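Not measured: the values here are computed from a predicted model. One-based numbering, in listed order, for ligands and for the atoms of each.
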Amino acid sequence: MAPQLDAYFKQVEASSEDFIERLRKAVAIPSVSAMDEHRPDVVKMGQWLASELKNLGAEVELRPLGKQPHKEYLDLPPVVIGRYGNDKKKRTILVYGHYDVQPALMEDGWSTKPFELSVDEKGRMYGRGSTDDKGPVLGWLNVIEAHQKAGVGFPVNLLMCFEGMEEYGSEGLDDFINEEAKKYFKDADAVCISDNYWLGTEKPCLTYGLRGVNYYSIEISGPGQDLHSGVFGGTTHEPMTDLTKVLGTLVDTDGTILIKGIKDFVAPLTDEEKSLYGDIAFTMDNLYESLGSQTGIFPDKERTLMGRWRYPSLSIHGIEGAFSAPGAKTVIPAKVTGKFSIRTVPNMEIDPVNELVIKHVQDAFSKLNSKNTCKVWCQHAGKWWVASPKHWNFTAAGKAVEHVWGVKPDLTREGGSIPVTLTFEQATGKNVLLLPMGSSTDAAHSINEKLDRRNYIEGTKLLGAYLHYVAEEPMEG
Ligand SMILES: NCC(=O)N[C@@H](Cc1c[nH]cn1)C(=O)O
Ligand SMILES: [Zn+2]
Ligand SMILES: [Zn+2]
């Protein structure tokens, strides 16, 4: 295998500028799934991805997912599914990624235009979606191209599933995966997802756990329209006042969730689990570097990692309908919608958590004695996932990391959520591996999201090497 991998690696180096151009083209399509007005761009991105794959000789289909729930005027973007290779003697790896991105506006504080890839002198490639998740998705395309150009045989059959709604809760995808598990995806021997990050900037990791996410909206309304606060302030119940009071009952400033009963669901910490944290290559400086501040809650790495991986958290994200522009508009907003989410962990189930949250919000609102109206609902939810890293899929990835990066990867869990991970595991019955490309300072979801050139190019080598090691693993399991 070594000469083949050497030739493949050399080709990745030789093609690296082309691969960066491919990422530039992808970043230029503002495929923001959460914004209705960008839906055509999300579709365009799916079509572009499909045409790139076709040009590489893959079989590709764009599968419709129907209308968007609660927004029936919008078609969901298609799932791009594909196959590269169909040799019964080879293993088949199913890879998943997403081609949609989080919103990004210059006025949020970006230093460069979010939808123009901008590469600085240190090789940091800034642009929305560069690390989450366009870079890793294109990594798989780069793997195919570099094998072809190097004349190296492709070691496995590749099945692909790239969606366009991940950042909006993967609407429609669970049903699709369940439906196709025994059809389009039936040959899959294992699944690989590259959509998370290293813990720091130097040491790669393999990830075997994710938190889940239950995402909520609280809508408070009263007045028939926005009002002048000088004329009506002091005469009417104000939705914003009610909402901030209710939001204030959810979580303490040290991150403690104040909803009664939530922590009873959390699996107790065992001695065995506790002992795993000490060996993980992570420092408080890694945290401060990726936070861009020293505002961590806990003083030590163990409790910080537990706070990210194995305990739930509640974050308040924003308020729709509130005045947020610069200046001093003296308005009383008539209707405001607060958004918050809970990252869930073993053994929190979606429905019992929803029941507690909804009751808590209703009780908190009724204590206000307000004449306004309060509605609360769970917008979307995806369950946590914890898998066994003792499977050939992880062994192969571990060998690939050692080959490319010269170091044994850490085995990590992740604070974020990729709800379809569990769906893939349950629907296919196969092992799922998370194999990240980007690092802790990539600022996914934030301003100035980036992917380091090194992580993109070495990451492309890693994905290819992983497929070669997969092909070498003994067949049992
Ligand atoms: N890279 C994975 C990721 O960012 N996932 C999102 C999923 C999500 C759920 N609701 C909205 N987005 C995450 O926030 O973890
Ligand atoms: Zn992602
Ligand atoms: Zn994301």
*Has Asp195 got any heavy atom lying under 4.0 angstrom from an atom of ligand 1?*
yes

*Salt bridge between Glu320 and Lys339, side-chain N to carboxylate O under 4.0 Å?*
yes

_Which atom name would you report as the N, O or S atom of Glu167 nearest the Zn ion (ligand 3)?_
OE2

_Taking distance alone, with N or O pairs closer than 3.5 Å, would you say Arg343 contacts ligand 1?_
yes

*Does Asp132 have a heavy atom less than 4.0 Å from any atom of ligand 1?*
yes

*Using a strict 4.0 Å threshold on nitrogen-to-oxygen distance, state whether Glu52 and Arg22 make a salt bridge.*
yes

_Quick check on the Zn ion (ligand 2): does Asp195 put an N/O/S atom closer than 2.8 Å to it?_
yes

*Kindly assign one of parallel, tilted or perpendicular to the pair Trp309 and Tyr277, based on the angle between their ring planes and the thresholds 30° and 60°.*
tilted

*asked:* Whether Glu163 and Arg63 form a salt bridge (side-chain N of Lys/Arg under 4.0 Å from carboxylate O of Asp/Glu) is what I want to check.
replied: no

*Give a yes/no verdict on whether any heavy atom in Glu166 is under 4.0 Å from an atom of ligand 1.*
yes

*Does a sphere of radius 6.0 Å around NZ in Lys359 hold more than 12 heavy atoms from other residues, nucleotides or ligands, not counting ones at 6.0 Å or beyond?*
no

_Using a 4.0 Å cut-off to any heavy atom of Tyr197, which atoms of ligand 1 qualify?_
1 (N)

*Nearest to atom 10 (N) of ligand 1, what protein heavy atom do you find, and at what distance?*
His380 NE2, 2.7 Å

*Under 4.0 Å from any heavy atom of Val213, which atoms of ligand 1 are there?*
9 (C)

*In terms of side-chain heavy atoms, does Ser440 have a donor or acceptor partner in Asn286 at a distance below 3.5 Å?*
no

_Is it the case that atom NZ in Lys335 sees more than 12 heavy atoms from other parts of the structure closer than 6.0 Å?_
no

_Leu287 CG to Asp300 CG distance, which is reported to the nearest 0.5 Å_ = 11.0 Å

_Give me the nearest non-hydrogen protein atom to atom 12 (N) of ligand 1 as residue plus atom name, then the distance to 0.1 Å._
Glu167 O, 3.7 Å

*Does any N, O or S atom in His445 come within less than 2.8 Å of the Zn ion (ligand 3)?*
yes

*Please state which protein non-hydrogen atom is closest to atom 6 (C) of ligand 1 and give its distance, to 0.1 Å?*
Ser417 O, 3.5 Å

*Could you check whether the rings of Tyr216 and Phe340 sit parallel, tilted or perpendicular, using 30° and 60° as the cut-offs?*
parallel

*Just give me the atom name: the N, O or S atom of Asp132 closest to the Zn ion (ligand 2).*
OD1

*Name the closest protein heavy atom to atom 4 (O) of ligand 1, giving the residue it belongs to and the distance to 0.1 Å.*
His445 NE2, 2.8 Å

